[in-house]
Structures are given as structure tokens and as C-alpha cells.
Amino acid sequence: MLTINQLHATITETETPIIKGLDLTLEPGKIHAIMGPNGSGKSTLSKLIAGDEQYTVTSGDIQLNGQSILEWDATQRALMGIFLAFQYPIEIPGVPNDEFLRMAYNAKQKHQGLEPMDPLVFQDHLQNVCQQLSIPESFLERELNVGFSGGEKKRNELLQLAVLKPAVAILDETDSGLDIDALKHVATGIRSLRQPTNTFLLITHYQRLLTYVEPDYVHIMMDGRIVETGDKSLAMALDKSGYDGFVSAR
Amino acid sequence: MLFPDHDKTVETLVEKDYEFGFRSNIDSEKFPKGLNESIIRRISAKKNEPEFMLNFRLKAFAHWQKMAEPHWAAFDYPAIDYNDLHYYASPKSLANKPKSLDEIDPELKRTFDRLGIPLIEQKQLAGVAVDAVFDSVSVATTYKEKLKKHGVIFCSMSEAIIEYPDLIQQYLGSVVPFTDNFFACLNAAVFTDGSFVWIPKGVQCPMDLSTYFRINEENTGQFERTLIICEDQASVSYLEGCTAPKFDSNQLHAAVVELVALEGATIQYSTVQNWYPGDKKTGKGGIYNFVTKRGKCLGRQSKISWTQIETGSAITWKYPSCLLIGDESVGEFYSVALTNHHQRADTGTKMVHIGKNTRSTIISKGISAGSSHNTYRGLVKANKSAHGARNYTQCDSMLIGDTSVANTIPYITTTNKHTVIEHEASTSKVGEDQLFYLMSRGISLDDALATIVSGFCQDVFQKLPDEFALEANQLLSIQLEHSVG
Ligand SMILES: Nc1ncnc2c1ncn2[C@@H]1O[C@H](COP(=O)(O)OP(=O)(O)O)[C@@H](O)[C@H]1O
Ligand SMILES: [Mg+2]
């Protein structure tokens, strides 16, 4: 579904290489996990896929269903079904969460040649989604991420994901900073959103999330590359040995 | 095409043109260029003014000749040649003032139609009466009869001078005396029209009143004058809008607005200012907007509230102010000033606390994009008599891009210990990360920017009358189109 081929990328401003020959294929209906030490480039990779111009692809390609996405801006990638739940979601003061969601939803409707959803119908829809995800409805009228705790921000990302129903969902450490109940809600949410037609990429440090959402593939990322791909047993092994142990064993 | 909405790349700065830049082909009568006593006598005669008015003008002119153009604002502009302007321009069809809306020149009607201000009462925004001013004269005032039934007077200034000379003599210049400043003084000498509103005791004006100013002629100064008086316990909400065609030369606009609120009266004055801002690339042309707006809260518990959305003009020099004289009177100033390209704005307010327990609130949002400069300049002053006065000021600036400039210049003086004056200020930059966040949800770059800016202005938008809130939002997005990338 999403194919990354020998990708090299730098920080635009300093031309520092971060992604150094990365290969990765996300399959429809599957859940992929990426694990890797701090600073290995996981967030950079996820933002590159979403179209962050802080980073520049110097060679290689990212394709969605066989089509290169490199020329598309972030908006276009989102409209084509790519979604990133950010590790550090941004605050936008004065913009109500529900209005933002409606704007994003209707942008997608428009792109697909559909009518915008009636505001009242959309409000009902939002309330349902909140219920499914055990997210308090008070989230909706708050300003976008403003004054949200770290955990609330992560859950708000999941709310957006559930409303926009992307084909490729990348979750960058959505589990970090969540208490155990919130983690379970997030895991339940991910499981309920899983479809044969979409794919999930979970970036995480912890085995913990993966016990609630069983990944089909686990990829280990180090220094800008995927160095190993396996099934969930890889995650368990890693949990025992740590990254250092993993490196010396190789 | 995969992305029908995305054929416009960010780099191609094919920007939306100023929407109201057209010029109507209307035969007009103009006085020759130049400013002297005889021109002033001609203006006064043209309007059949009573003698007191001519004297008012001549005194102002004599004083003005001794004054110097002020240049303390945070911008430079080429010297204005006051003798190279026309001081009177009027559509010929208005030589004999049409008796009813039906008699107005169809071309004039079409002009206001195009501006979204139909001069037919049935077609208008329900509940808003309009005084339409074209160059130097008022074309028409709608709903006059209906308002009269409530005792409300709403007419052009020219008409008021003839019909209500007592009120004019009592109040004209009572808030902004002609000695006040250079531009107010010039206005007093040469003003040609404007609106007059008088709300009698105890009456809540049954509809919003509004004036729409349109400049059409080139090299013609527009000097209008508005006077609003609310008697005891009366109230009114007043809206002001304005546009002008695109010319390469700069047009001078020097208006004066005076508000008087008596005991328990409330005046809400809202402006959406969208004068032609000049050429985007060269900065050529555009309106020089030098405006004096001031309200006097004369009575106890009176209230004056200024709300403004400033997006146009090459130069804006404007400080809507409140003199809080009555005890417990309230002054408010809510402002959004957006500058783009080569625009210069130096705007803010003055709150002068004189009465006891007077209160004022200032919320100012300045947004600067392109190579524009945007300055907030505000004065909060509490006199010795202003026991228990309180002010709260919040000034936020937002920068878009790397070449725009924002300044905040507050002046705070108090001679009474028993006052509370709070001032908060912030400057932020629209972050790439904020834009990316919204775009990563499928929102276009332009919409993302407009959303961030509109969120930034929320505190002020909430204060706008409903009719204006939507318009203000749209105006900001148009002005900002393609300002990032
Ligand atoms: N915009 C940036 N400016 C400077 N350094 C950056 C930037 N983005 C990423 N980096 C650096 O690139 C490396 C990878 O970062 P990141 O992708 O956030 O790692 P991870 O998510 O795996 O912890 C780190 O050394 C980080 O400091
Ligand atoms: Mg990270």
C-alpha cells in the first residue's frame, strides 16, 4: 500500500542526513510497528511521509498505491489518505476542536466530490465517535489542543484519526504518556478502526501497547534505516535485551 | 486532475485582486483643485449652509493654516500637496437631491449593488438602515421614515445642518474640536458630508444603522463627518464600511467621528475598513487614511464601544478613543488590524478616565504579513478625579513571514493612586509547525493560515455584530491569500 524505497532524507535547513537508505512496505489490513532507540529518525520518517517541508528527500521514493507522493504537499497527502498522529501535537489557539474537525472532514468530502456534511449531523457523528473512543465530549468545544495535558493531546489525535478514517495511519508514540486506562482505550480504538483496506504504522518504545494491539510486523529502526523486520516475537525479544543488547547480538 | 483545488502552487503569487477596485463611470461635478477660503465658501454655499456653519469652517481653516502635518507615526509617506486635490466631487445626478430612493441614478444604484449595498429597502439586510456616501455626498438614506416613527433621526450630515441646526451647534466639534489635530482641523474646514444620528431619551434604536463610504473620483479627498448622539438610557449599534477603486495615485481620506453618550446610554460603533491598500508589488496608490474618532461618555453609566476590523488603506492613522467623564462609565476598544504587502498601520486607542469608577477594556490584535508594518499605539490615562478607575489592556501581535514588522507602544499615565491598570502584550509568529499540523489534516495552506489568524482574532470577532462577523472573517482570508509559502 505504502512503499518506501531506498529513502535518503536530510534536515532541509542544515542538510544533515537523518534517513539513510530506508526500505519499508506497509500492507493493507496489517498493523506494523516500528521500534527503535531515541534519535534513530522515527519521527522524522513519519513527518516525511506526511509531507513536512522541514525535511528534504535527497533520493529514493515513497509511493502510495504505486504513485509517488513526493511532489504532493501535506494537504494533498492527507486528502489521499495519509494521516499522522503526532508525537507532539501543536496547539492552535482560538480554533474550536469541533470546527476544526468539521473543516478537515469537509475538505476530504470535497476532495471526493461529496457534499459537506450538515453541521448538526456532523455534531451527532462527533458525539458518537467520542463515545466509541471513551473520549469526553467536552474535548469538542475546547480550543484545538490548547491546555490539553500530554495524554489528552494524544487522545485528541486518535479522535481526529477516527473522524478522518485514513487509509494509512501513522501513530508516533501515541502510547507515550498515557495512563493504563487511556492506553487501553487507544488500543481498543485502533482495533476498531482496523479494516482490510487500511494500514497502521505504530511507532512505539514499549512492548506495552503491542500486547493490546497485536502487530503483524515489527520493524527495528536504527540510525535512519530499518535494520530488521519480524513478527511480534521480535518486539518481545527487544523488550528483554534492550537496543544495546540487540545491537551486540547482531 | 487529482487535486482540482491545488492547481495554484504556493510559489506563484497569483494573488486575488482587490475586489472593489472598479471605478464607476458617473458624470460628476468637481470643484477645481486647490484649498483656499473661496473653495470653502463654495462648499458651504453648495450645501446651502446656515452662516454658523460657514463660520465654523472658516475658523477651522484659519487655524489649520497655522498647523503642521504630524509625522510622529511609525511610518513615512511623501508630503501631501493639499493644493493638488479636489475638495468636492458629486455625481451630477444628485444636483437636485432625489426625493426618493426610486429617483436615484441607476448607475449609482448599480455601483452600490456591486458593493453589496443595495439601495432598495426590501433587498437589504433585514434590520440595517444605510446611509450611502459617494465621494463628497450622501446618495441616499434608507429606512428614514420607519426610524422617525421611533423618534430616531438618521440622515446625512448636510441635511442635519439644515434641519437640526440646534443639535448641530450644540454637538458638532464638542468631542473633537477643530483645534484637536491637523487632519481633524482640515476636516472641519472642508468636510462635505457624512451621517448624523440622534436617539432620543429611552429609545433603543430598532435597527442597526450604517454608513457606507465609497470613493470613486481620482485625486479627490474624502472628508466626511459623523456625529452620533444618544440621550439618556438610549442605545444604538452603528456599522461603518468603506471601499475605493484602484488608482496609482494616493487618495486622502480624513474623517472625523464624534459620539456622545448621555446618562445610561450605549453606543456600539463597528467598522470594517477595506479601503484600497495600494499595489501589492510596488505599493503604489492606495488610501491615506487619517481618521479621528472619539466618543464622550458624558453621562453616568454610559458606555461607548469601538470595534474595528482594519484591513485596507496604504496608510492607517487612527485611534478611536473614549473620554470617560460620567461616573461608572465604560469604554471599550476591540480591534483587529491586518496589514499585508506594503501597508503601514499605526493604530490604537486612547482611554481617558475622568469620572469615578470608570472602566475600560482594550483588546487589540495586530497581524502583519508581507513587508508591512503594523503598530499598536495606545494611551491609558487616569486623571486625579478618576478614583477607582480600572483598565485592562491586551495587545497581541502576530507575524506572518520574515519581512513584516509589528510594534506595540503603550502609554500609561495615572495621577490617582486608586486605579488599577493592567497591560498584557504578546507577539507570536505563525509557525510552520502550526500550518503543517492543519495541512496534515487535509486543510489547504490558505485555509490553514486563515484558520490560525481567525483563531487569533476570536476575542474580537465575538464582539462584532452578527452581520459583520462573517464578513470580517472572509475579508481576512482574502487579504491573506498566498501570504505564506
Ligand atoms: N528539525 C530538526 N532540526 C534539528 N535536528 C533534528 C530535527 N529533526 C530531527 N532532528 C534530529 O534528527 C534525529 C532524529 O530525530 P527523530 O526523528 O525525532 O528521532 P526519534 O523520533 O527516533 O526519536 C535526532 O538526532 C534529532 O535531534
Ligand atoms: Mg520521535
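To find a chain, count down the sequence lines: A is the first, B the second, and so on, and within it residues start at 1. If you're wondering where the values come from, they're calculated on a predicted model, not measured in any experiment.
Environment of CD in B:Glu432: sparse, with no more than 12 heavy atoms of neighbouring residues, nucleotides or ligands closer than 6.0 Å. No more than 12 heavy atoms of other residues, nucleotides or ligands shown are found within 6.0 angstrom of CD on A:Glu115. For B:Asp402, the CG atom counts as loosely surrounded, since its 6.0 Å shell holds 12 or fewer non-hydrogen atoms of other residues, nucleotides or ligands. Taking a 6.0 Å sphere around CZ of A:Arg194, one finds it holds more than 12 heavy atoms contributed by other residues, nucleotides or ligands. Crowding of A:Glu53 atom CD: a count of heavy atoms from other residues, nucleotides or ligands under 6.0 Å not exceeding 12.
The OG atom of B:Ser440 lies 13.0 Å from the CD1 atom of A:Ile49; values are rounded to the nearest 0.5 Å. Going from atom CG of B:Leu435 over to atom CG of A:Asp52 covers 11.0 Å, rounded to the nearest 0.5 Å. Separation of atoms CE (A:Met103) and OG (B:Ser444) is listed at 9.0 Å; rounding is to 0.5 Å. To the nearest 0.5 angstrom, B:Leu445 atom CG is 7.5 Å from A:Asp73 atom CG.
Heavy atoms of B:Gln434 lying under 4.5 Å from chain A belong to its backbone as well as its side chain. Both the backbone and the side chain of A:Pro89 come within contact range of chain B, each with at least one heavy atom under 4.5 Å from a heavy atom of that chain. Neither the backbone nor the side chain of A:Gln54 comes within less than 4.5 Å of any heavy atom of chain B.
Nearest approach of B:Arg441 to A:Leu84, heavy atoms of both residues: NH1-O, 2.8 Å.
Between A:Phe86 and B:Tyr437, the ring planes lie tilted relative to each other; the angle falls in the 30° to 60° range.
The candidate from A:Pro96, A:Ala104, A:Ala50 with the greatest count of non-hydrogen atom pairs under 4.5 Å with chain B is A:Ala104.
When atom types are taken as modelled, the side chain of A:Thr75 and the backbone of B:Gly442 share no donor-acceptor pair closer than 3.5 angstrom.
Contacts classified as salt bridge (Lys or Arg N to Asp or Glu O under 4.0 Å) and involving residues 447-460 of chain B (residues at least two apart or in different chains) are given here: B:Lys365-B:Asp459.
B:Ile452 places none of its side-chain heavy atoms less than 4.5 Å from the side chain of A:Val95. Residues A:Ile90 and B:Phe436 fail the side-chain proximity criterion, which asks for heavy atoms closer than 4.5 Å.
The contact list for residues 136-155 of chain A toward chain B, using heavy atoms and a distance under 4.5 Å, reads A:Leu144, A:Asn145 by residue number.
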